[in-house]
Protein chains: 2
Amino acid sequence: MDERQALASFSALSQETRLQIVRMLVSAGPSGMPAGAIAEKAQVSPSNVSFHLKELERSGLITQKRESRSIIYSADYEALGSLIRFLMEDCCAGHPEICVPAAAVAPCCAPTMEGNANE
Amino acid sequence: MDERQALASFSALSQETRLQIVRMLVSAGPSGMPAGAIAEKAQVSPSNVSFHLKELERSGLITQKRESRSIIYSADYEALGSLIRFLMEDCCAGHPEICVPAAAVAPCCAPTMEGNANE
DNA sequence: TCAATTATTCAAGGATTGTTGAAATATGGA
DNA sequence: TCCATATTTCAACAATCCTTGAATAATTGA
């Protein structure tokens, strides 16, 4: 991830509604959620959610696909991982005391490492 | 780290000059840098750097201390680590495929783990 | 084709953020 | 005390971002 993309990602995550949407989509998993459901859950108007979804897509953190009348949005896990790596590489450079504690958390969400080719 | 602080941190990092300053301060290490040197290296005016430094401090990502006539700014490693953890916990929840690749990067900056009490 | 559903786009206005240069504040030395 | 240094604060303006509601577009079923 280059600096330009990192800036766009930070900008995308710096807004309450958008952060909420990202969390929502991550926990919704790969099947994603239609725009309408996102709007309802986030309690914002359709046009407003559309504005924020476009912003998030522009940053690369989410993707969309049409499915019949609905447009389904999903979190882009690879982009999220890249952003975490950016923060680690960038900010840890020469200073393990930053990212060692962060790394300690990683196992919490990696219960099945054996099946994981590191793509 | 709560959502409010995470939002402030993302907002702080979403501006080019400020991201540059954070990178600068992290690689400068615990001794930090005086405002003037930061301004010079970032090529912005004193008043402008002051504006951004205040923003970064408000987010908790950096700290300041006066030292004679200079004001020395340093990266707050703990805050940066917390932000990385926030992104991991938040975004990995139930989806190891996000943070496993990120975790794989961690060792790159942890060459001396033995001396590290995890504070 | 017509109506209903789902969602986006657009323009307008308000709110927030960023930049600039001048004035103010704090510190230390002559 | 007076001056130089290092930095911040302030006010004004420019730029960007967010919200709203109305209009538009795409899809499906009757």
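Just so you know, these numbers come straight off a predicted model, no measurement behind them. In what follows, chains are A, B, ... by sequence order, proteins preceding strands, each numbered from 1.
Partners of B/S82 according to the side-chain hydrogen bond (donor to acceptor under 3.5 Å, both in side chains) rule, which considers only residues two or more places apart in sequence or in another chain, are B/R85. Residues satisfying the side chain to side chain contact (heavy atoms under 4.5 Å, CB included) test with A/S47, not counting sequence neighbours, are A/S45. Applying the salt bridge (charged side-chain N to carboxylate O under 4.0 Å, His left out) test to B/E3 and every residue at least two apart in sequence or in another chain returns A/R23. By the side chain to side chain contact (heavy atoms under 4.5 Å, CB included) test, B/A8 is found to be paired with B/S59, residues two or more places apart in sequence or in another chain being considered.
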- What one-letter contact string describes nucleotides 6-18 of chain C from 5' to 3', where B marks a base within less than 4.0 Å of any protein heavy atom, S marks contact via sugar-phosphate atoms alone, and - marks no contact? SSBB--------B
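Applying the salt bridge (charged side-chain N to carboxylate O under 4.0 Å, His left out) test to residues at least two apart or on different chains, none of the pairs has a partner in residues 60-76 of chain A. The salt bridge (charged side-chain N to carboxylate O under 4.0 Å, His left out) contacts involving residues 39-57 of chain B comprise B/E55-B/R58, where partners must be two or more places apart or lie in separate chains. Applying the salt bridge (charged side-chain N to carboxylate O under 4.0 Å, His left out) test to pairs two or more places apart or on separate chains, none has a residue in residues 6-19 of chain B.
Of all nucleotides in DNA chain D having an atom under 4.0 Å from a heavy atom of chain B, the first and last in 5' to 3' order are D/dA4 to D/dT9.
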